[in-house]
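Report on the following structure.
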Amino acid sequence: MAGSCCKYPISFSAFKRSLCMTPRSSGPHSRPPLSGGRFGERGVQEGCWATRPSTLRTTGSYRHHLFSYFSHQDSMSESLQTCYLYLNQTSRSFAAVIQALDGELRHAVCIFYLVLRALDTVEDDMTIPLEKKVPMLNDFHTYLYQDKWCFTESQEKDKQVLEDFPTISLEFRKLGQEYREVISDICLRMGVGMAEFLEKKVGSMKEWDQYCHYVAGLVGIGLSQLFSASQLEDPEVGRDTELANSMGLFLQKTNIIRDYLEDTQEGRAFWPQEAWSQFSGHLEDLAQPEKLDVALHCLNLLVTDALHHVPDVIAYLARLRNQSVFNFCAIPQVMAIATLSACYNNPLVFQSVVKIRKGQAVTLMMEATTMGSVQSIIAQYSQEILQKVSTTDPSRESTLRILAVIREKSSLSQSTLPPRTHHLSPMYLSAAMLLAAFSWQYLSTTAAQSQGSGDTQGH
């Protein structure tokens, strides 16, 4: 029930889920979140973090210093430590990049993530009747200032962020006012948007943009405002909501495109009807073998639509000055462009889960630390898409036009870009994020083994 509740117990059993980059399994009625939640995590990443030993050699020399880098956790309050435990439990891969952020911004983004994760859990839980869910979504931002509010009736796998919401809201109220205002505002706007789309299908392309804005664009806007509030980035980063919105829409559209089969098999429809109705009477029919040609036409139309956000992504990233913020923002975007390249004109989208290779994902994470590298990655995958454009595809001309724009934007000179400030080298930070992920995976495995041993002894 909602109201006063006891603190949710924490133990190492919370880390049973290993840090993988495969798409999370969803309940039969859950909606596609953005990041393991709303930070683009689902759909744009693949493969497990656990890679071959040869892949890890580059991080070995950093091991001693990186454990010191993450030792700030030892000085946290118990409630803040609990929040980071929830972060690692619910976000998998993005826990690593959040924990590599500089200074107090790290805590603000952690709490921002958990608040939106709790909101998303309410939206996903189809056991909550609409007459109860709609007011909860609309009022969720007010719960941030109610020290005992929690919800203990959720059946979702991440229900602990609702059951122990008092811990999260406590740390929220400890944040500076500049952070609280941003988080509360985005929570309000996202909750209202979620409530609107509970019973509303994504019909037009405009509604597709609107839905993606509510569940992902607002996240990009909120994060940008947090970056500026921390003074690690210029005020203009937080003010330019158009570019920030595009950052979120690019990730979310990639998620939706990639997860066609999973979503349709579980009764969810997020491909816009305006697009698929040009090729089929029913969205799920695109998976039929005899519909392959028109299915690919629909797929390529949506990929082309998503690619229109890439120039904004480049412009946004070029404006960033802090290295940890740049890494945080750039890594999901290069994962997304790689995923779109893998999906474009690919029949497997309608037959299975399209994945980028594990080693490819790790390489992208290690390389996406400078604007030049990011532009090179974007140019590489744009060229891959160009080579797959069919002469008979209905979206061919539109696809070629946006790829030409991306090629121009991704080849601009670096001489006009602002200098980037950082306490650690880009490679060091990438290694830090990888090591964080490996460490949590080790804890997960150890915890699972310990619990299994305890269960055996108990029986």
What distance separates Leu243 CG from Leu317 CG, expressed to the nearest 0.5 Å?
-> 10.0 Å

Interatomic distance, Asn346 atom CG to Lys388 atom NZ [nearest 0.5 angstrom] | 6.5 Å

Would a 4.5 Å heavy-atom cut-off, applied to side chains only, mark Phe250 and Ile337 as touching?
-> yes

Any side-chain donor-acceptor pair under 3.5 Å between Gln333 and Tyr316?
-> no

Ring centres of Tyr84 and His107 under 6.0 Å apart?
-> yes

Stepwise, does the salt bridge (charged side-chain N to carboxylate O under 4.0 Å, His left out) test hold for Glu171 with Lys174?
-> CA-CA 5 Å; Glu171 287 301 324; Lys174 291 180 181 179; 3.0 Å; yes

Step-by-step salt bridge (charged side-chain N to carboxylate O under 4.0 Å, His left out) determination, Asp234 to Arg321 | CA-CA 8 Å; Asp234 290 338; Arg321 300 173 62 183; 3.0 Å; yes

Using the six-membered ring wherever Trp is involved, compare the ring planes of Phe151 and Trp149 and label them parallel, tilted or perpendicular (cut-offs 30° and 60°).
-> parallel

Go through the structure and list residues passing side chain to side chain donor-acceptor pair (under 3.5 Å) with Tyr344, not counting sequence neighbours.
-> none

Side chain to side chain donor-acceptor pair (under 3.5 Å) partners for Glu384, two or more places apart = Ser341

Candidate pair Asp147 and Arg173, rule salt bridge (charged side-chain N to carboxylate O under 4.0 Å, His left out), full reasoning | CA-CA 9 Å; Asp147 58 358; Arg173 293 188 296 275; 5.1 Å; no

Without swapping roles, check the side chain of Ser395 against the backbone of Ser398 for a donor-acceptor pair under 3.5 Å.
-> no

Taking everything shown except Glu236 itself, do over 12 heavy atoms lie less than 6.0 Å from its CD?
-> yes

Atom of Met126, atom of Glu123 and distance for their closest heavy-atom approach = SD-O, 4.4 Å

Distance in Å, Thr254 OG1 paired with Arg258 CZ, rounded so as to fall on 0.5 Å steps = 10.5 Å

Heavy atoms only: give me the nearest Met205-Leu302 pair and the separation to one decimal.
-> CE-CD2, 4.1 Å

Qualifying salt bridge (charged side-chain N to carboxylate O under 4.0 Å, His left out) pairs, either residue in residues 222-233, two or more places apart = none

Got a sec, which residues hit side chain to side chain donor-acceptor pair (under 3.5 Å) with Thr121, two or more places apart in sequence or on another chain?
-> none

Enclosure of Glu178 CD (heavy-atom neighbours >12, cutoff 6.0 Å) | yes

Would you list the pairs meeting side-chain hydrogen bond (donor to acceptor under 3.5 Å, both in side chains) in which at least one residue belongs to residues 270-287, sequence neighbours left out?
-> Asp285-Gln288

Step through it carefully: locate the ring centre of Tyr214, locate the ring centre of Tyr211, and say whether they are under 6.0 Å apart.
-> no

Stepwise side-chain contact (heavy atoms from CB on, under 4.5 Å) check, Phe165 with Leu114 | CA-CA 9 Å; Phe165 197 74; Leu114 291 177; over 6 Å; no

side-chain hydrogen bond (donor to acceptor under 3.5 Å, both in side chains) between Asn255 and Gln252, intermediate numbers included = CA-CA 5 Å; Asn255 297 346; Gln252 185 67 9; 3.2 Å; yes

Between Leu299 and Phe350, what is the shortest heavy-atom contact and its length?
-> CB-CZ, 3.9 Å

Residues forming a side chain to side chain donor-acceptor pair (under 3.5 Å) with Asn300, sequence neighbours excluded | Asn345, Asp393

